[in-house]
Visitor: 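Can you keep this structure in mind? I'll have questions shortly.
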Amino acid sequence: KNMAVTGNTVPKPVIIVTQSFVTFAQTVGSPALVQNYTVAGNNLTGNIIITAPAHYQVSVNNGTSWATTVTLTRINGEVAPTTILVRMNVPITGMFSGILAHTSPDAVEVDVTLNGYSKVAGEYTIYPVPASRTIFVAHPITAEKAKLTFYNMAGQLIATYYTQPGTIETPIDVTGLPQGSYFLEYRIGDTKVMMRFIKN
């Protein structure tokens with residue numbers, strides 16, 4: 001016995017993300033420069049939810065307000081190409097990466113990796129000053145190790161450390177140093193920078 005069956009295919013929901021992010025660079029005290037990208041959707045069965053990673057924010061109203069999660073509402077199953085603003089906004093120094101997620105029911109999640117770093121003002125800086133336990137030496141990102149040499153005020157060599165490639169600052173434990181003023185020499189290639197800090 002034969003039985004007739006009928007059916008039709010339903011287009012798969014699709015999230016479309018168009019972006020060309022570069023590394024975010026922030027100076028502590030103000031957000032990083034804003035970057036933008038576009039998001040669209042076809043054949044959607046639900047809205048598109050955009051979730052920013054920690055230390056990042058997104059805006060759908062040209063920067064009037066910022067949030068960690070925003071919703072793009074579908075109309076007749078579609079989300080027209082929409083410009084989204086993104087910024088990094090973190091109150092501390094360091095390097096911060098995370099996933100900017102785009103989700104919608106029945107659609108394949110679209111993830112975008114965000115990378116950025118936050119530093120103190122000044123290309124070469126030691127903070128805090130004075131310091132009692134740890135100092136942080138802020139420096140440019142380099143592909144090679146830079147040499148950090150400590151001297152006391154009499155010019156005597158105290159210690160030597162090295163930065164790590166791809167970092168923006170180097171923490172150094174100074175609890176073992178006597179109280180007083182010290183010089184630190186940052187050297188890499190032809191670049192030589194002298195800085196001063198106080199141990200209390």
Side-chain angles (χ1 to χ4, degrees), residues 19-37 51-59 63 66-68 84-101 111-200:
Q19 58 83 26
S20 56
F21 289 118
V22 298
T23 301
F24 290 82
Q26 176 189 345
T27 299
V28 173
S30 60
L33 291 178
V34 172
Q35 299 187 47
N36 65 75
Y37 72 112
T51 304
H55 311 302
Y56 289 85
Q57 299 169 319
V58 290
S59 174
W66 295 89
T68 56
I84 311 297
L85 303 187
V86 184
R87 71 180 185 182
M88 188 177 77
N89 191 15
V90 58
I92 57 176
T93 60
M95 305 189 75
F96 303 93
S97 298
I99 298 298
L100 180 64
D111 293 337
V112 178
T113 300
L114 301 180
N115 296 296
Y117 63 89
S118 179
K119 63 183 182 64
V120 293
E123 192 171 27
Y124 301 93
T125 307
I126 296 177
Y127 70 97
V129 177
S132 58
R133 298 182 61 85
T134 303
I135 62 170
F136 295 86
V137 183
H139 48 74
I141 296 177
T142 61
E144 300 177 354
K145 293 182 178 181
K147 185 178 182 180
L148 303 176
T149 307
F150 285 77
Y151 300 93
N152 61 20
M153 297 303 290
Q156 297 172 315
L157 175 64
I158 301 298
T160 300
Y161 299 90
Y162 291 90
T163 66
Q164 292 301 312
T167 61
I168 59 167
E169 65 181 18
T170 301
I172 298 175
D173 184 356
V174 296
T175 53
L177 294 179
Q179 293 184 356
S181 296
Y182 296 86
F183 288 109
L184 182 148
E185 179 189 86
Y186 172 97
R187 182 188 290 270
I188 182 171
D190 295 331
T191 301
K192 176 181 175 182
V193 179
M194 294 297 295
M195 293 172 275
R196 180 180 176 183
F197 73 96
I198 300 173
K199 166 67 183 344
N200 64 5

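Values below: every heavy atom of this structure, side chains too, minus hydrogens, waters and symmetry copies. The first residue of the sequence shown is numbered 1, and numbering continues consecutively from there.
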Visitor: Using side chain to side chain donor-acceptor pair (under 3.5 Å) as the criterion, list what pairs up with N152, not counting sequence neighbours.
Guide: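 Scan of N152 (side chain to side chain donor-acceptor pair (under 3.5 Å), adjacent residues dropped) gives Q156.
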
Visitor: Do the ring planes of F197 and Y182 sit parallel (below 30°), tilted (30 to 60°) or perpendicular (above 60°)?
Guide: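 Ring orientation of F197 relative to Y182: parallel.
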
Visitor: Given side chains that start at C-beta, do those of V86 and F21 come closer than 4.5 Å, heavy atoms only?
Guide: yes

Visitor: Can you tell me how far the CD1 atom of I126 sits from the CG atom of L184, to the nearest 0.5 Å?
Guide: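 Here the interatomic distance stands at 4.5 Å.
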
Visitor: Could you pull out all residues at least two apart from T113 that satisfy side-chain contact (heavy atoms from CB on, under 4.5 Å)?
Guide: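 Partners of T113 by the side-chain contact (heavy atoms from CB on, under 4.5 Å) criterion, ordered by chain and then number, come out as I99, N115.
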
Visitor: Less than 4.5 Å apart, side chain to side chain, heavy atoms only: is that true for I141 and M95?
Guide: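 Heavy-atom side-chain distance check passes, below 4.5 Å.
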
Visitor: How about L157 and Y151: do any of their side-chain heavy atoms sit closer than 4.5 Å?
Guide: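 Yes. Closest side-chain heavy atoms under 4.5 Å.
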
Visitor: What's the spacing between L100 CG and D111 CG if we round to 0.5 Å?
Guide: 8.5 Å

Visitor: When you compare the side chain of K147 with that of K192, does any pair of heavy atoms fall below 4.5 Å?
Guide: no

Visitor: Return all side-chain donor-acceptor pairs below 3.5 angstrom for residues 127-140, not counting sequence neighbours, or 'none' if the list is empty.
Guide:
{"residue": "Y127", "atom": "OH", "partner": "T93", "partner atom": "OG1", "Å": "2.6"}
{"residue": "Y127", "atom": "OH", "partner": "E169", "partner atom": "OE1", "Å": "2.6"}
{"residue": "H139", "atom": "NE2", "partner": "T170", "partner atom": "OG1", "Å": "2.9"}

Visitor: Hey, does T163 have a side-chain heavy atom less than 4.5 Å from the side chain of I188?
Guide: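 No. Closest side-chain heavy atoms not under 4.5 Å.
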
Visitor: Please report the interatomic distance CZ(F96) to CZ(F24), rounded to the nearest 0.5 Å.
Guide: 13.5 Å

Visitor: With rounding to the nearest 0.5 angstrom, report the CZ to CG distance, R87 to L114.
Guide: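 Between R87 CZ and L114 CG, I get 14.0 Å after rounding to 0.5 Å.
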
Visitor: Between A143 and P165, which heavy-atom pair has the shortest distance, and what is it?
Guide: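 In terms of heavy atoms, the two residues are closest at O-CB, 3.5 Å.
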
Visitor: If every non-hydrogen atom of G98 is compared with every non-hydrogen atom of P53, which pair is closest and at what distance?
Guide: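 Minimum heavy-atom separation between G98 and P53: CA-CB, 3.6 Å.
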
Visitor: Given 3.5 Å as the limit, does a donor-acceptor pair link the side chain of T51 with the main chain of A101, or not?
Guide: no

Visitor: Between CZ of F183 and CD1 of I158, what distance do you get to the nearest 0.5 Å?
Guide: 12.0 Å

Visitor: Is there a donor-acceptor contact under 3.5 Å from the side chain of K199 to the main chain of L177?
Guide: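 Checking the backbone N and O of L177 against the side chain of K199, a donor-acceptor pair under 3.5 Å is found.
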
Visitor: Counting only N and O atoms by type, is there a donor-acceptor contact under 3.5 Å from the side chain of Q26 to the main-chain atoms of G116?
Guide: no

Visitor: Using side-chain heavy atoms (C-beta onward) and a distance below 4.5 Å, is K119 in contact with Y117?
Guide: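 Contact flag for K119/Y117 side chains = yes.
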
Visitor: Verify side chain to side chain contact (heavy atoms under 4.5 Å, CB included) between R196 and M153, making sure each step is shown before the conclusion.
Guide: CA-CA 10 Å; R196 180 180 176 183; M153 297 303 290; 4.1 Å; yes

Visitor: So, taking the atom named CE in M195 and the one named CZ in F150, what distance separates them when rounded to the nearest 0.5 Å?
Guide: 8.5 Å

Visitor: Side chains of R187 and T149: any donor to acceptor distance under 3.5 Å?
Guide: no

Visitor: Quick one, W66 and L85 - any side-chain contact, counting heavy atoms below 4.5 Å?
Guide: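 They are in contact (side-chain heavy atoms under 4.5 Å apart), so the answer is yes.
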
